[in-house]
Amino acid sequence: MYRDRIRLKSLWGKVVPAEEAAFLIKDGMTVGMSGFTRAGDAKAVPLALAERAASEKLKITLMTGASLGNDVDRILTEAGVLSRRLPFQADPVLRKAINRGEVMFVDQHLSETVELLRSRQMGPVDVAVIEACAITENGGIVPTTSIGNSATFAILAEKIIIELNLTQPLDLEGMHDVYIPTRRPFREPIPVVTAESRAGLPYIPIDPSKIAAIVVTRKQDSSASILPPDDETNAIAGHLIEFLGREVRQGRMGRSLAPLQAGIGTIANAVLHGLIDGPFHDLTMYSEVLQDSTFELFDAGKLNFASGSSITLSAGKYAEVLPKIGSYKGRLLLRPQEISNHPEVIRRLGVIGINTALECDIYGNVNSTHVNGTQMMNGIGGSGDFARNSHLAIFVTKSLAKSGAISSVVPMVTHVDHNEHDVDVLVTEAGLADLRGLAPRERAETIIRNCVHPSYRELAADYHRRALQRGGHTPHLLEEAFAWHSRFQQTGSMMPTPLAAE
C-alpha cells in the first residue's frame, strides 16, 4: 500500500496520475530531475511530458545529476521537449541532437551545477521531479538509488513533484547522507574527514507545502551496459596493481591504499574488478558511482566501506544486489554529488582517482568528451573534479580503437578536458606512464615508450624527434599536430596506409 510510504498523512491527497502532475510543468520552465548515471531517475512524469508535446508547444531546460535511464533523454529529445540540457548525458539520440545544434548542452563539472544555482548564476528551478522510496513524518524525501543533485533541486524549486517508486526497497532508507554546504562567503568546512563520515540527514529536508503532486510508480532503474573484463582491461588492471604495489613498497601508502574513485564504464569497472585478486585489503571508496565491482569487492572481503552518489549496476548484479541491499547497511553511504565530488573533500581524503580517457596526447593532456574536437560524446562528468584534486589522478584507456584504425594516444588531443598539470598517471594495455615530476620532453618519451600501441609507437616517436628539432618547452609541429586525425577522416585510419578491412 503506497500510503504506508507517505508518513505525513496530510500529503495523501497529493497523489495524482503522472499526466496530471506533468501539467505543473509549463513551456519555458527550468526543471530539475533526479537521476545519476541511470539510477534513481524520474520515470513517469518525463513520459507524460513527451505525450503532451505531441499536441502543444513544450520546451524546457532540463537539469539532472548526470545521465538518465529508461530512454528518458531519447524520448524527450524525439518529442522536441528539450531546449537545453545539463550537466551530463549519455543518450545516442540526444547526443546527435546536441551535435546538430538542436539542443543546447552545457557540459559542467558535476560538483558545480548546484553551486551555480545557489549563487543564482543559473536558474531558478521552477519544478523539481524527485524519485523517492518514502516520505518521512515531517515531509522529508527519502531518495532511492541516487542522490545526485536532487537535494538542492528540491530545496530551491518553487514546486516539487515526487515519484514514489514502490519497486525501490525501503531498506535504502538510512543509506543516504544529505549534507548541504553553508552559503558563501561564510562557508564552514565540510565535516567529511573519512569515507565513512556521516555529516547530514538520511533524507532531503524540504518544506512539505512545496510538494505539489505525488505520482506512484513501479518501474525499476535501467541497468548499466557493462562488458566483462577482457585481455586488454585485465592488462590495464595488472599495470595499475603493479604500480600501486610499488607505491606501497616505497612507503607512500599502506596496503589499504587511499580511498578509491572510479568513473563510470567498462574499463574503470574492470580495473576495480582486478583488485579482487590484488594484494590490497581493507579498501575504502570515495566515488561518484558504485558499480558492479564495488559489490564484488564487498563480497570478496576486500572492501570495508563505499561512499558514492549513486548505485548503477548491470542487469544481473542489479537483480542480485537490490533485494539484499539492507545487508550492506553500515558499509555504504550515498551523498549529494556536490559532496561526493567536492574538491575540498577529495583533496582532504587523498583520493586515488581512476577515470577513462577518450584520447590522450604525448604530453599527458586528456580528452574525455569530444570526437575529433567537435562531436560531443557524453560530457566531462566528475572526472575533472577528481583529476584536479586527487592524490593520484590516473587515466586509463585502451591504446587502440576501431580495430586499430585509431590510436588513443596522439601527438595532440583535439579537445582538452584535463590538461597535463592535472594528470599523474596514464595507463593502457601496453603499459603505464608515471608522469609525476617529469618535464614535457620527459613525459613524451615516457608516454610513447609505455602507452602507445606498438603499431603506432614509431610514428609517435618520429613526430616527437622532429618536433624536438624545432625546440621549445613543449615541442610540436603545428602543421602536423592533427595529421593523424585528418588522415582518419580522409582514409578511415590514422595509419599512413589504411588498414585492410577485417
Side-chain angles (χ1 to χ4, degrees), residues 1-16 21 24 31-36 39-45 63-65 114 117-118 124-183 190-192 197-217 221 307-311 325-326 329-330 332-340:
M1 185 67 175
Y2 69 81
R3 287 188 173 182
D4 294 340
R5 295 188 179 216
I6 305 174
R7 298 175 197 146
L8 182 59
K9 293 182 179 180
S10 61
L11 294 176
W12 287 359
K14 300 284 188 177
V15 176
V16 298
L24 294 166
V31 180
M33 286 189 185
S34 64
F36 191 105
D41 51 341
K43 300 172 173 68
V45 172
M63 301 179 178
T64 60
V114 296
L117 288 172
R118 260 198 303 270
V125 179
D126 297 298
V127 178
V129 186
I130 309 297
E131 183 177 82
C133 64
I135 301 172
T136 68
E137 292 81 0
N138 61 357
I141 302 170
V142 180
T144 59
T145 47
S146 74
I147 298 184
N149 285 326
S150 296
T152 297
F153 289 160
I155 290 168
L156 295 182
E158 293 181 15
K159 295 180 180 179
I160 301 169
I161 301 170
I162 294 177
E163 289 199 2
L164 187 69
N165 192 332
L166 303 186
T167 70
Q168 296 280 17
L170 281 171
D171 277 340
L172 287 166
E173 189 168 3
M175 289 189 177
H176 307 94
D177 185 46
V178 181
Y179 176 83
I180 305 297
T182 51
R183 299 259 178 167
I190 295 172
V192 175
S197 292
R198 184 177 281 278
L201 299 169
Y203 57 85
I204 299 170
I206 51 100
D207 178 354
S209 67
K210 294 203 305 179
I211 299 175
I214 299 172
V215 177
V216 177
T217 67
D221 288 342
S307 169
S309 192
S310 77
I311 299 171
I325 194 69
K329 266 188 176 175
L332 185 65
L333 273 185
L334 296 180
R335 307 179 190 273
Q337 68 195 65
E338 66 173 315
I339 303 300
S340 67

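Hydrogens, waters and symmetry mates are skipped; everything else that's a heavy atom, side chains included, is used.
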(request) Could you walk me through whether Leu117 and Phe153 pass side-chain contact (heavy atoms from CB on, under 4.5 Å), step by step? (result) CA-CA 9 Å; Leu117 288 172; Phe153 289 160; 3.7 Å; yes

First locate atom [atom1] of [X], then atom [atom2] of [Y], and finally report the distance between them rounded to the nearest 0.5 Å.
X      : Y      : atom1 : atom2 : value
Met175 : Ile325 : CE    : CD1   : 4.5 Å
Asp41  : Ser146 : CG    : OG    : 7.0 Å
His176 : Ser309 : NE2   : OG    : 9.5 Å
Asn138 : Leu8   : CG    : CG    : 8.0 Å
Phe36  : Ser340 : CZ    : OG    : 5.5 Å
Met33  : Thr64  : CE    : OG1   : 9.5 Å

Any non-hydrogen side-chain atom of [X] less than 4.5 Å from a side-chain atom of [Y]?
X      : Y      : answer
Leu332 : Ile311 : yes
Glu173 : Pro202 : no
Glu158 : Lys210 : no
Ile162 : Lys14  : no
Ile214 : Tyr2   : no
Tyr203 : Ile135 : no
Ser150 : Ile204 : yes
Glu338 : Thr152 : yes

(request) State whether Lys43 and Glu163 are salt-bridged, where the test is any N-O pair (Lys NZ or Arg NE/NH1/NH2 against Asp/Glu carboxylate O) under 4.0 Å. (result)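 No salt bridge links Lys43 with Glu163.
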
Closest approach of [X] and [Y], non-hydrogen atoms and distance?
X      : Y      : answer
Ala154 : Ile141 : CB-CD1, 4.3 Å
Ala212 : Leu24  : CB-CD1, 3.6 Å
Ser310 : Leu334 : N-CD2, 3.8 Å
Cys133 : Leu170 : O-CD2, 3.5 Å
Ala21  : Ala213 : CB-CB, 3.9 Å
Ile339 : Pro181 : CD1-CG, 3.9 Å

(message) Test side-chain contact (heavy atoms from CB on, under 4.5 Å) on Val142 and Leu172; report intermediate values, then the result.
(response) CA-CA 8 Å; Val142 180; Leu172 287 166; 5.8 Å; no

(message) Donor-acceptor pair, distance only, cut-off 3.5 Å: does the side chain of Asp177 make one with the backbone of Ala199?
(response)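 Yes, because the side chain of Asp177 sits within donor-acceptor range (under 3.5 Å) of the backbone of Ala199.
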
(request) Would you confirm whether Arg118, through its side chain, and Thr182, through its main-chain N or O, come within 3.5 Å as a donor-acceptor pair? (result)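 Side chain of Arg118 to backbone of Thr182: no pair is present.
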
(request) Take Val31 and Val45 through the side-chain contact (heavy atoms from CB on, under 4.5 Å) test and state the conclusion after the steps. (result) CA-CA 11 Å; Val31 180; Val45 172; over 6 Å; no

(request) Go through the side-chain N and O atoms of Thr145 and Asp221 and say whether any donor and acceptor fall under 3.5 Å apart. (result)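 There is such a pair (donor and acceptor under 3.5 Å, judged by atom type) between the side chains of Thr145 and Asp221.
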
(message) Here's a test for you: under side-chain contact (heavy atoms from CB on, under 4.5 Å), which of Asn149, Ile147, Val114 qualifies with Gln337?
(response)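 Option passing the side-chain contact (heavy atoms from CB on, under 4.5 Å) with Gln337: Asn149.
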
